[in-house]
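Beneath this line is the structure, given in structure tokens, with notes to follow.
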Amino acid sequence: SLAGKGLLTEAIIAFNNALIEAENISKILNNLGVTYLKMEAFEKALDYFNESIKEDKEYEEAHFNKGNALRRMGSVEEAIINYENTLKINPDHINSKLNISIALKNIGRFEESKDLCRELIELKPGWGVVHRHLTTMVKYEKNDNHIKQMLTLFDDKSLDKIDKSHIALALGKAYEDLGKSEEAFSYFSLGNKYFRSQIKYSTSQSRKYFAAIKRVFNNSFFVNNQQNYDAGKNLIFITGMPRSGTSLIEQILASHSNVYGAGELKFFRDAIYNNFPDVEGSIFPDNALLHDPNCFKDVADEYLERISKYREEVEVVVDKMPYNFMYIGMIHLVFPSAKIISIQRNAIDNCFSIYKQKFGTGNYFSYSLQETGEYYNLYNDLMLHWNLVLPERIFTIQYEKLTMYQEKETKRLLKHCSLKWEEDCLSFHKTNRDVRTASYVQVRQPLYNSSVNLWKKYENELEPLINILERS
């Protein structure tokens, strides 16, 4: 299919043409919704799923996909209702059960989530993603039956490679809990080896892109493109590497009564590419000066329009897309009054934490220790550039320091964000909100430092990574 090949705009045209003559339009409306979901146009996707259900109330896939759209929009409770509606139509729709379990985990209802996992494992014992999902919520002890079950499955030659790879990462997590670092690393490596074989990625592409950003957004760029408007006053951008502590910082800020944590938004990147389209083969960032200067304001306007729904009850909105570190120069330019926060973590701990994680999409460098180290060096070099061309513009917080001096660092953070002190920001783990990142378990716990210097337990295995990071 066109959508399956990534030709989403072409798919939308084809589906709309099919609607003209189709007798059963419910399926086509659902397909349009799925395509818009892939484009992250969630509201539009939701409209199509609703239209599909209107045409055929018993069409299970439309109910299921409506749940997916609502979950992506942060309406988790509503999403669960739609997954349950799918199960009323088809009690064997196991993907709905899995997504209910994931949704429950996102909102901190871990026991219910784990129960559903165990139910799914009974129904489909070799379903690797369910085993991995379960391990993220369990602290394993010696002789745990689930470890024995996963080891048996891992040795099963008939098991699908993707299921085996998920189980490998799950076993890595379980053995790390047991303090068996050699076995843990072995399974992390086996899982990552398969996932890396399924993707196309080259550090050289990232290197070229980062070099272009530095070349365009230099000292003279900011001297010649100063904006006179006072935009972004109540915006906070949290940037950093994945697994560096961005979710923790967001959870602390979102525990404040005047702050909404919007999660990892792609809105800023989208606004850049929508308003700085290709010019004679030149794409962003190289085309930044080839467009009308008003395009910078258009980026701000589009972004503000897209986040307006989050500002209905509170003044301050937090966007914690880590990869906005690439666009710090543009954030500074279009939102001169926005707060830009950079979270830093020990490089080896950060890279190893990334390597142990199976991401849903993107983060293609993460399935190889070498490529993770190379990407980290590129990130670090770009952050040095931003601090050089935009001195004192970025507020840096050190993850390790936050774990040691929680109250002091939290007060420093709130003061920088022009927020009054609130005790709830210290007990952030009690804040009831949807967390859709790999840190959903950590942000539900009081601050701990057991992950600080965890890499030292794997010092021999991580030697190649350490050597790469030392080049930076």
Side-chain angles (χ1 to χ4, degrees), residues 169 172 175-176 179-193 195-196 199 201-215 217 239-246 248-249 322-326 328 341-359 362-391 394-404 438-439 449-472:
L169 292 182
Y175 277 114
E176 184 168 273
K180 297 186 173 184
S181 52
E182 254 181 71
E183 290 95 328
F185 190 85
S186 171
Y187 283 112
F188 287 136
S189 299
L190 289 165
N192 277 304
K193 192 176 179 182
F195 290 121
R196 180 63 187 90
I199 54 175
Y201 171 77
S202 166
T203 301
S204 62
Q205 289 301 109
S206 297
R207 190 175 288 117
K208 284 177 193 170
Y209 187 72
F210 283 39
I213 290 171
K214 288 166 65 182
R215 188 171 62 247
F217 290 91
T239 68
M241 282 289 284
R243 311 296 295 146
S244 63
T246 54
L248 173 62
I249 298 297
Y323 290 110
N324 278 335
F325 75 77
M326 287 185 256
I328 283 175
I341 295 167
S342 167
I343 175 83
Q344 298 284 329
R345 185 181 177 190
N346 173 280
I348 312 170
D349 272 335
N350 198 165
C351 289
F352 187 42
S353 183
I354 289 168
Y355 183 68
K356 293 186 290 183
Q357 182 64 43
K358 171 69 180 79
F359 293 94
N363 305 294
Y364 294 138
F365 60 85
S366 66
Y367 303 108
S368 152
L369 273 181
Q370 178 185 333
E371 288 164 343
T372 301
E374 289 168 349
Y375 191 92
Y376 187 94
N377 285 348
L378 292 174
Y379 152 77
N380 195 45
D381 180 60
L382 185 57
M383 290 310 299
L384 289 171
H385 171 78
W386 291 134
N387 281 303
L388 195 66
V389 296
L390 297 170
I394 302 160
F395 178 82
T396 301
I397 194 158
Q398 190 71 33
Y399 173 78
E400 290 80 7
K401 213 170 173 183
L402 179 61
T403 64
M404 285 173 68
S439 304
N449 60 9
S450 56
S451 59
V452 173
N453 289 326
L454 184 65
W455 69 269
K456 289 185 176 178
K457 294 179 181 177
Y458 299 86
E459 197 159 356
N460 293 335
E461 292 86 353
L462 294 175
E463 195 176 336
L465 170 66
I466 295 165
N467 290 339
I468 289 166
L469 292 171
E470 281 175 351
R471 293 178 203 161
S472 180

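Atoms considered below: every heavy atom in the structure, side chains included; atoms not considered: hydrogens, waters and symmetry mates. Source: prediction; values computed, not measured. Quick note: residue numbers are just sequence positions, from 1.
- In this structure the side chain of Y355 reaches within 4.5 angstrom of the side chain of N192, judged on heavy atoms.
- For the pair Y187/L169, no side-chain contact is recorded, criterion being any heavy-atom separation below 4.5 Å from C-beta on.
- At a threshold of 4.0 Å, the pair E176-K457 does not count as salt-bridged, since none of the basic side-chain nitrogens sits closer than that to a carboxylate oxygen.
- Two residues are said to be in side-chain contact when any heavy atoms from C-beta on lie closer than 4.5 Å; I328 and M383 meet this criterion.
- At a threshold of 4.5 Å between non-hydrogen side-chain atoms, the residues Y175 and E182 do not count as touching.
- Here the NZ-CZ distance, from K208 to R215, works out to 11.5 Å after rounding to the nearest 0.5 Å.
- Formation of a donor-acceptor pair under 3.5 Å by the R196 side chain with backbone atoms of I199 is found in this model.
- The shortest heavy-atom contact between E400 and Q398 is OE1-NE2, 2.8 Å.
- Checked by atom type, the side-chain pair S202/S204 shows a donor-acceptor distance below 3.5 Å.
- Using the six-membered ring where Trp is involved, F217 and W386 have ring planes that are perpendicular, over 60° apart on the 30 and 60° scheme.
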Which pairs would a plain distance check flag for residues 342-352, meaning a side-chain donor or acceptor within less than 3.5 Å of a matching protein atom at least two apart in sequence or in another chain?
unit_1, atom_1, unit_2, atom_2, d
S342, OG, Q344, NE2, 3.1
Q344, NE2, Y379, OH, 3.0
R345, NH1, R243, O, 2.6
N346, OD1, I348, N, 3.0
N346, OD1, D349, N, 2.9
D349, OD1, L454, N, 3.1
D349, OD1, W455, N, 3.0
D349, OD2, N453, N, 2.5
N350, ND2, P242, O, 2.8
N350, ND2, R243, O, 3.4

*So E461 and F188, side-chain contact (heavy atoms from CB on, under 4.5 Å) or not? Walk me through it.*
CA-CA 11 Å; E461 292 86 353; F188 287 136; over 6 Å; no
Exercise answer: donor-acceptor pairs, residues 362-369 side-chain atoms, under 3.5 Å, sequence neighbours excluded:
unit_1, atom_1, unit_2, atom_2, d
N363, OD1, Y323, OH, 2.3
N363, ND2, T361, O, 3.4
S366, OG, N363, O, 2.6
Y367, OH, F359, N, 3.1
Y367, OH, F359, O, 3.4
S368, OG, Q370, N, 3.3
S368, OG, E371, N, 3.1

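- Put simply, the side chain of L378 does not reach to within 4.5 Å of the side chain of D381, judged on heavy atoms.
- Residues Y399 and L248 have side chains in contact (heavy-atom distance under 4.5 Å, counting atoms from C-beta outward).
- With sequence neighbours left out, E183 forms a side chain to side chain donor-acceptor pair (under 3.5 Å) with no residue at all.
- Across all non-hydrogen atoms, the minimal contact from I468 to N377 is O-ND2, 2.9 Å.
- For the atom pair CG of N387 and OG1 of T396, the computed distance is 5.5 Å after rounding to the nearest 0.5 Å.
- Across all non-hydrogen atoms, the minimal contact from P322 to T246 is CG-OG1, 3.9 Å.
- Here the closest heavy-atom approach between residue Y201 and residue S206 is recorded as OH-OG, 3.2 Å.
- Distance check, rounded to the nearest 0.5 Å: CZ of F185 to CG of L190 gives 10.0 Å.
- No side-chain heavy atom of Y375 sits less than 4.5 Å from a side-chain heavy atom of T203.
- With contacts defined as side-chain heavy-atom distances shorter than 4.5 Å, the pair T239/I341 does not qualify.
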